[in-house]
Chemist: 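Quick one: this structure, given as structure tokens, is what I'll be asking you about.
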Amino acid sequence: MKKYIAIVFAAITSMSVFAHTGLTSSMPADNAMLMKSPEMINVTFGNPVRLVSLSIANIEGEPIETAFKPTIEASDTFSYNLPMLMPSTYKVSWTIMGDDGHKMKGDFSFMVHAMDKMQDMKDMKDMKDMKDMNDKKMDHSGQNNH
């Protein structure tokens, strides 16, 4: 009888372990160093879960707005659009709830480098330089009309 109880206890314990899941992947990935702002954030979990919370903050702790709303339906993947992120380090924190009501929390970080902003600024300067050059070609005010 004791052997039977031990087997049932082991089975129940192992089932509850399998009911708990965690983050299996994210985009951006944990510790990613990005050369431009990501357009979306994706989180994938080992089993279908309800995403209870998802927050993103820069290194100063300022929150980044997303369209996150807690989910009623369980899923293993969640995706949200992101606004243009300025160069900084960002921390993504999440809380999930499994079918058994157990909540799990976690987080990951990624960095956005200034490269895309610098490129955008260079492109804007190049466009301004081209406009200035075209304006000078079109400006004939310094010429005498004969």
Side-chain angles (χ1 to χ4, degrees), residues 1-139 141:
M1 180 70 165
K2 287 183 183 178
K3 195 177 205 180
Y4 179 74
I5 292 173
I7 292 171
V8 169
F9 180 76
I12 291 171
T13 303
S14 66
M15 286 189 321
S16 68
V17 169
F18 287 123
H20 300 154
T21 188
L23 187 70
T24 58
S25 68
S26 65
M27 182 56 89
D30 189 23
N31 296 317
M33 293 187 192
L34 309 174
M35 299 313 274
K36 65 179 188 171
S37 176
E39 294 179 9
M40 297 189 77
I41 184 160
N42 300 306
V43 289
T44 301
F45 299 92
N47 294 309
V49 295
R50 286 174 284 181
L51 190 57
V52 177
S53 71
L54 180 82
S55 62
I56 305 170
N58 64 18
I59 197 149
E60 289 84 28
E62 298 166 336
I64 305 302
E65 293 294 319
T66 65
F68 170 79
K69 293 199 183 332
T71 59
I72 296 172
E73 297 291 321
S75 179
D76 59 353
T77 302
F78 302 90
S79 299
Y80 300 96
N81 289 328
L82 290 174
M84 176 68 80
L85 300 178
M86 299 305 291
S88 185
T89 298
Y90 294 88
K91 180 178 179 182
V92 179
S93 300
W94 51 266
T95 303
I96 57 172
M97 184 167 46
D99 287 339
D100 63 354
H102 181 81
K103 288 184 180 177
M104 291 184 67
K105 295 181 178 189
D107 58 60
F108 62 94
S109 298
F110 64 92
M111 182 183 286
V112 176
H113 287 279
M115 191 60 102
D116 67 332
K117 290 293 175 198
M118 291 169 54
Q119 184 62 44
D120 288 347
M121 290 170 60
K122 181 185 178 307
D123 291 346
M124 287 179 11
K125 182 182 179 312
D126 290 347
M127 287 174 56
K128 182 181 180 313
D129 290 347
M130 287 176 61
K131 181 182 180 309
D132 290 347
M133 190 167 44
N134 285 339
D135 288 348
K136 286 178 185 175
K137 286 180 183 176
M138 300 295 278
D139 183 11
S141 62

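This one's a predicted model, so the numbers in the text were calculated from it and none came from an experiment. Reckoned from all heavy atoms, side chains included, excluding hydrogens, waters and symmetry mates.
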Chemist: Quick check on M27: does its CE atom have over 12 non-hydrogen neighbours (other residues, nucleotides or ligands) under 6.0 Å away?
Modeler: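 No, CE of M27 has 12 or fewer neighbouring heavy atoms, counting only those of other groups under 6.0 Å.
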
Chemist: State, yes or no, whether a side-chain contact exists between V49 and W94 at a heavy-atom distance under 4.5 Å.
Modeler: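 No, every pair of side-chain atoms sits at 4.5 Å or beyond.
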
Chemist: I'd like to know whether CD of E60 has more than 12 heavy-atom contacts from other residues, nucleotides or ligands below 6.0 angstrom.
Modeler: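 Atom CD in E60 is packed in, count exceeds 12.
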
Chemist: Is there any side-chain hydrogen bond (donor to acceptor under 3.5 Å, both in side chains) pair reaching into residues 64-75, and which pairs are they, with sequence neighbours excluded?
Modeler: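 Output for this query is empty, none listed.
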
Chemist: Under the salt bridge (charged side-chain N to carboxylate O under 4.0 Å, His left out) rule, collect the residues that match up with D76, sequence neighbours excluded.
Modeler: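 If we apply the salt bridge (charged side-chain N to carboxylate O under 4.0 Å, His left out) test to D76, skipping adjacent residues, there are no hits.
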
Chemist: Do V112 and P38 touch side chain to side chain, with heavy atoms closer than 4.5 Å?
Modeler: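 Yes, at least one pair of side-chain atoms sits under 4.5 Å.
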
Chemist: Side-chain contact, heavy-atom cut-off 4.5 Å: M33 with H113?
Modeler: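 Yes, their side chains come closer than 4.5 Å.
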
Chemist: To the nearest 0.5 Å, what is the distance between CG on L23 and CZ on F108?
Modeler: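 Output value for this atom pair is 6.0 Å.
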
Chemist: Main chain of T44, side chain of T24: is a donor-acceptor contact present, judged purely on distance under 3.5 Å?
Modeler: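 Checked: pair present.
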
Chemist: Nearest 0.5 Å please: distance from the OG1 atom of T21 over to the NE2 atom of H102.
Modeler: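 Result: 10.5 Å between the selected atoms.
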
Chemist: Is L54 close to Y80 at the side-chain level, that is, under 4.5 Å between some pair of heavy atoms?
Modeler: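 They are in side-chain contact.
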
Chemist: Where the side chain of S37 meets the backbone of M84, is there a donor-acceptor pair that is under 3.5 Å apart?
Modeler: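 Here the side-chain-to-backbone pair does not exist.
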
Chemist: Do F68 and I56 come within less than 4.5 Å of each other through their side chains, counting heavy atoms only?
Modeler: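 In short, these two side chains do not touch, never coming nearer than 4.5 Å.
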
Chemist: For F78 and I96, run side-chain contact (heavy atoms from CB on, under 4.5 Å): C-alpha distance rounded to whole Å, both residues' side-chain angles, the deciding distance at 0.1 Å, then the answer.
Modeler: CA-CA 11 Å; F78 302 90; I96 57 172; 5.6 Å; no

Chemist: Let me know which of S26, S79, S25 forms a side-chain hydrogen bond (donor to acceptor under 3.5 Å, both in side chains) with N42.
Modeler: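 Of S26, S79, S25, side-chain hydrogen bond (donor to acceptor under 3.5 Å, both in side chains) with N42 is met by S79 alone.
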
Chemist: Drop me the distance from T95's OG1 to D107's CG, to the nearest 0.5 angstrom.
Modeler: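 CG of D107 is found 10.0 Å from OG1 of T95.
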
Chemist: Which pair of non-hydrogen atoms, one from R50 and one from D99, has the smallest distance, and what is that distance?
Modeler: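 In this case the closest contact between R50 and D99 is NH2-CA, 4.3 Å.
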
Chemist: Return the minimal non-hydrogen interatomic distance between S109 and D30, and the atom names on each side.
Modeler: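 Where S109 meets D30 most closely, the heavy atoms are N-OD1, 3.1 Å.
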
